[in-house]
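As the structure lists them, so they are numbered: ligands from 1, and atoms in each ligand from 1.
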Amino acid sequence: MIEVWGRSSSSNAAKVFWTLDELKLDYALHKAGGEFGGLEAPAYLAMNPNGRVPTLVDDGLVLWESNAVVRYLAAQYGAGSLWPVAARERALSDKWMDWATVNFAAALAPLRQKRTTGGADTGLAAAADRVDRLAGMLDRTLSASPYIGGVGLGIGDVALGPHVHRWTLLDIPPDRHPALRSYYLRLCTHGAYKRHIVDKLA
Ligand SMILES: N[C@@H](CCC(=O)N[C@@H](CS)C(=O)NCC(=O)O)C(=O)O
C-alpha cells in the first residue's frame with residue numbers, strides 16, 4: 001500500500017494527492033505538517049530530513065520533493081497517460097514542471113501572501129508585472145495546445161495546476177490571457193483537480 005505524509009492545504013502535497021487520484025491509486029494518508037505537525041519527529045526526519053511535506057513510501061521506496069514524487073508515480077503507474085512514453089514528447093511536459101516551480105510559483109508567492117495575509121505593498125507592482133509576463137508565456141503556449149505539454153493531461157499540468165488556480169484568485173481582469181483562463185476551466189473538468197486543488201488551496 002502506498003503511504004503519503006502531507007496535508008491538503010499544501011500545494012506540494014496536493015500535487016501528489018491529485019496524481020494518486022488521477023491514476024486511481026489507493027493510498028494511506030498520514031496527516032502531517034501545518035496544524036498536524038510531526039515533521040520534526042525523529043522517525044519522520046529519518047524518512048525526509050528536510051522536515052517538509054510531502055513524503056511518499058511505496059514498497060520500500062522513500063521519496064520526497066513533490067515534483068520527483070509526481071514523476072515517479074506517473075512513470076510507475078501512468079505510462080501512456082500522465083507519463084508520455086516517448087522521451088521527446090515527455091520532455092515537452094517535463095520542462096514546464098521545473099518552470100512552474102522555479103519561475104511561476106516563485107513570482108506568484110508575494111502576491112499570494114498579500115492576498116491571504118495582507119502586509120506591505122513593497123515590490124508588489126514589480127511582482128504583478130513579472131507574473132503577467134509569465135502568464136503571457138502560458139497563454140501563448142495554451143493557444144496552440146489544450147494542455148501544457150500537448151493534447152493530454154501530463155506531469156507538466158500537475159506541477160502547474162496549483163499555481164494556475166492561485167493565479168485565478170488574483171485581482172486580474174477576466175479578459176486577460178484568455179487561453180490560460182480556458183485552460184483553467186479545462187483542468188476543472190478533471191474531478192481530481194477540483195477535489196485536491198480548487199477545493200483545497202487558498
Ligand atoms: N521542494 C519541496 C518543498 C516542500 C515544502 O516546502 N513543503 C511545505 C508545504 S507546501 C511544508 O512542508 N511546510 C511545513 C509544514 O507544512 O508544516 C517539495 O516540492 O516537496
Among side-chain atoms of Y44 and T55, is any donor-acceptor pair under 3.5 angstrom? yes

Determine which pairs satisfy salt bridge (Lys or Arg N to Asp or Glu O under 4.0 Å) with at least one residue from residues 184-202, sequence neighbours left out, and list them in order. D21-R195, K194-D199

Could you walk me through whether D157 and Y193 pass the side-chain hydrogen bond (donor to acceptor under 3.5 Å, both in side chains) check? CA-CA 10 Å; D157 301 295; Y193 180 73; over 6 Å; no

Enumerate, one pair per line, all nitrogen or oxygen atoms of ligand 1 lying under 3.5 Å from a protein nitrogen or oxygen, stating the separation to 0.1 Å; write 'none' if no such pair exists.
from     : atom 1 : to  : atom 2 : distance (Å)
ligand 1 : 1 (N)  : E65 : OE1    : 2.8
ligand 1 : 1 (N)  : E65 : OE2    : 3.2
ligand 1 : 7 (N)  : V53 : O      : 2.8
ligand 1 : 12 (O) : V53 : N      : 2.8
ligand 1 : 16 (O) : R7  : NE     : 2.8
ligand 1 : 16 (O) : R7  : NH2    : 2.8
ligand 1 : 16 (O) : G34 : N      : 3.2
ligand 1 : 17 (O) : G34 : N      : 2.8
ligand 1 : 19 (O) : N12 : OD1    : 3.3
ligand 1 : 19 (O) : S66 : N      : 3.3
ligand 1 : 19 (O) : S66 : OG     : 2.6
ligand 1 : 20 (O) : S66 : N      : 2.9

Remaining members of F36's ILVMFWY cluster at a side-chain heavy-atom cut-off under 4.5 Å? none

Pick out which of V158, L82, D94 makes a side chain to side chain contact (heavy atoms under 4.5 Å, CB included) with R71. D94

Name the atoms and distances for all side-chain donor-acceptor pairs under 3.5 Å in residues 1-8, with sequence neighbours left out.
from : atom 1 : to  : atom 2 : distance (Å)
E3   : OE1    : H30 : NE2    : 2.7
R7   : NH1    : S9  : OG     : 2.9

